[in-house]
Chemist: 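This is the structure I have questions about; it appears just below.
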Number of protein chains: 2
Amino acid sequence: MDDPGGLHSTVLEALGLRIVSGDLTPGQVLTLDSVDTEYAVSRSVSREAVRVLQSMGLVTSRRRVGVTVCPRDNWHVFDPRVIRWRLAGDDRTNQLLSLSELRSGFEPVAAALAAERATPQQCSALSGAVMDMVAHRHSGDLEAYLVADTIFHRTMLEASGNEMLRALGDVVAEVLAGRTHHHLMPATPRADAVALHERVANAIRTGDADDARTAMQAIIDEAAAALADPS
Amino acid sequence: MDDPGGLHSTVLEALGLRIVSGDLTPGQVLTLDSVDTEYAVSRSVSREAVRVLQSMGLVTSRRRVGVTVCPRDNWHVFDPRVIRWRLAGDDRTNQLLSLSELRSGFEPVAAALAAERATPQQCSALSGAVMDMVAHRHSGDLEAYLVADTIFHRTMLEASGNEMLRALGDVVAEVLAGRTHHHLMPATPRADAVALHERVANAIRTGDADDARTAMQAIIDEAAAALADPS
DNA sequence: CATCCCCAAAGATCAGATTTAATGCCACAA
DNA sequence: TTGTGGCATTAAATCTGATCTTTGGGGATG
């Protein structure tokens with residue numbers, strides 16, 4: 001395993017994954033001591049890991065009681081790490097469907113805003129991303145396709161001019177990455193998916209907000225459909 | 001100040017506020033030692049505070065360098081604490097406008113979904129919340145009005161049946177709370193605002209997804225307009 | 001049966017030892 | 001002379017073990 005960032009990061013990842021995957025069920029209590037011995041680390045290492053977990057709403061920590069695992073309602077589900085852990089777990093498909101509904105909430109709006117606010121640089125960046133998607137679709141390099149796809153959505157959200165929408169780029173990135181890394185993508189991406197991306201890019205360049213919105217909505221619908229039927 | 005949750009929480013709040021308010025500018029570096037002495041706390045207290053700050057994307061911590069304040073792009077702007085700190089700062093209005101655009105992304109969608117999925121209990125909860133809003137609008141009790149308003153939006157998002165949308169209830173709650181606590185609300189809430197809420201509740205009960213969507217969009221537009229002109 | 005007090009369990013805090021890596025210095029070569 | 005590469009220095013985060021403080025529960029007492 002890698003532990004870039006130190007020991008506490010390792011413990012954090014391990015515990016977070018166990019909680020999110022359901023290995024540690026809500027209501028269950030751990031003690032710091034047990035964490036110490038379990039992972040063979042010192043007090044403050046486990047303390048910091050638990051502290052971050054607490055800041056993500058995954059656990060609560062009370063004296064004399066211990067570290068209690070929180071129910072899902074308390075989880076900060078927009079934290080990229082929580083999303084990644086959930087996509088690594090069992091309810092991967094449910095999570096992706098849930099995220100698709102969320103995306104259909106904001107990405108069409110962002111596309112419409114981008115059509116009104118995108119700079120020429122951003123437009124060309126979008127076009128470039130689409131070109132890369134086309135190229136890597138043919139070459140069958142899913143990893144490179146993922147990179148281009150991610151750049152496309154990040155740039156689009158960035159072009160919306162709204163910082164909150166831009167911040168959701170992390171969420172979309174995790175979704176796209178999880179989808180390919182867990183083999184929920186077709187071996188070669190759908191041709192119509194790429195075409196829709198191109199249509200969004202064109203609509204944004206020409207300032208056609210309505211078409212940008214509907215095409216983006218179609219992208220998400222297509223993704224959700226492909227999820228149910230990965231042909 | 002209160003420090004429910006221990007010393008580290010105090011330091012966390014103080015540092016977070018200073019970073020978000022711009023008192024500590026991006027690129028600026030602190031050392032843990034300086035934090036220790038500044039707030040007269042011990043090593044692990046400042047360490048845990050900084051660790052949480054890091055998990056929120058507000059700072060990075062590197063050896064031999066210190067704790068570096070991150071630019072805005074890295075902030076986890078969906079963390080309720082970050083929102084609260086920003087609403088407490090100077091760019092309050094910008095932040096609220098940005099959040100309004102975000103809300104117009106997902107709340108209409110959530111309303112439409114709620115119209116298809118809301119349970120009878122949720123419908124009556126919505127109606128009850130609207131009744132409370134009406135009552136407290138007349139009594140002029142802004143705090144009670146806020147509570148009812150918050151319950152309304154939380155219930156609506158809950159009724160959407162999508163956990164990610166429900167999680168955004170925290171964001172909306174912070175927005176509503178910040179708006180009244182920083183006196184950006186009219187002395188007595190707009191009558192048409194309440195009427196729109198009632199229309200949303202009715203649309204959800206009758207399963208009229210389209211009307212729920214448009215009425216919810218109108219609520220957000222009205223709120224954004226009232227922000228620009230707090231009459 | 002209710003109340004109060006005492007104790008141990010568990011997290012919270014502290015001060016000190018350890019490890020890492022940025023910086024500046026110096027030797028060497030072009 | 002000047003540019004480049006490696007090495008020692010040392011500042012800073014990281015980790016460790018011990019101590020302090022709070023708190024939930026059990027038992028004695030009225």
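Fair warning: this is a prediction, and the values are worked out from it, not measured in the lab.
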Chemist: When you measure from the side chain of A:Val41, which nucleotide among C:dG11, D:dC15, D:dT16 comes out closest?
Modeler: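 Given the options C:dG11, D:dC15, D:dT16, the side chain of A:Val41 is closest to D:dT16.
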Chemist: Using a cut-off of 6.0 Å, state whether more than 12 heavy atoms not belonging to B:Asp33 lie near its atom CG.
Modeler: yes
Chemist: Can you find a side chain N or O atom of A:Ser61 that sits less than 4.0 Å from OP1 or OP2 on C:dA12?
Modeler: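 So the side chain of A:Ser61 is within the cut-off, an N or O lying under 4.0 Å from OP1 or OP2 of C:dA12.
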Chemist: Between atom CZ in A:Arg47 and atom P in D:dT16, what is the gap in whole Å?
Modeler: 15 Å
Chemist: Separation of B:Asp36 atom CG from D:dT14 atom P, in whole Å?
Modeler: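 After rounding, the reported distance stands at 13 Å.
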Chemist: Does A:Glu163 pair with B:Arg86 as a salt bridge, N-O distance under 4.0 Å?
Modeler: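 Here A:Glu163 pairs with B:Arg86 in a salt bridge, since their nearest N and O are under 4.0 Å apart.
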Chemist: Separation of B:Leu30 atom CG from D:dA11 atom P, in whole Å?
Modeler: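 About 19 Å, once rounded to whole Å.
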Chemist: When rounded to the nearest 0.5 angstrom, what is the spacing between CG in B:Leu96 and NE2 in B:His182?
Modeler: 9.0 Å
Chemist: From the options C:dA10, C:dT13, D:dC15, select the nucleotide whose nearest atom is closest to the side chain of A:Thr31.
Modeler: C:dA10
Chemist: Find the distance between CG (A:Leu53) and CD (A:Glu48) and round it off to the nearest 0.5 Å.
Modeler: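 Separation between the atoms: 13.0 Å.
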Chemist: Is the shortest side-chain N to carboxylate O distance from A:Arg72 to A:Asp91 below 4.0 Å?
Modeler: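 Result for this pair is yes, salt bridge flagged.
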Chemist: Taking the nucleotide of DNA chain D with the closest heavy atom to each, which residue, A:Arg43 or A:Glu48, is nearer the 5' end?
Modeler: A:Glu48
Chemist: Check whether any side-chain nitrogen or oxygen of A:Arg51 sits under 4.0 Å from OP1 or OP2 of C:dA12, and answer yes or no.
Modeler: yes
Chemist: Would you mind telling me which residue lines up with the more 5' stretch of DNA chain C, A:Ser44 or A:Val67, judged by nearest nucleotide?
Modeler: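 The 5'-side residue here is A:Val67.
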Chemist: What is the separation between atom CG on A:Leu32 and atom P on D:dG17, rounded to the nearest whole Å?
Modeler: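 Rounding to the nearest Å, CG of A:Leu32 and P of D:dG17 are 15 Å apart.
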Chemist: Among the candidates C:dA12, D:dT14, C:dT13, find the nucleotide nearest to the side-chain atoms of B:His8.
Modeler: C:dT13
Chemist: If I compare all heavy atoms of A:Ser46 with all of A:Val35, which pair ends up nearest, and what's the gap?
Modeler: CB-CG1, 3.6 Å
Chemist: From C-beta outward on B:Val45, which listed nucleotide comes closest to its side chain: D:dT16, C:dC14, D:dC15?
Modeler: C:dC14
Chemist: Dump the intermediate steps for salt bridge (Lys or Arg N to Asp or Glu O under 4.0 Å) on A:Glu174 and A:Arg103, then the final yes or no.
Modeler: CA-CA 12 Å; A:Glu174 291 292 343; A:Arg103 287 180 63 194; over 6 Å; no
Chemist: With 3.5 Å as the limit, what N/O pairs link the protein to nucleotides 20-25 of chain C?
Modeler:
residue, atom, partner, partner atom, Å
C:dT20, O4', B:Arg63, NH1, 2.2
C:dA22, OP1, B:Arg62, NH2, 2.9

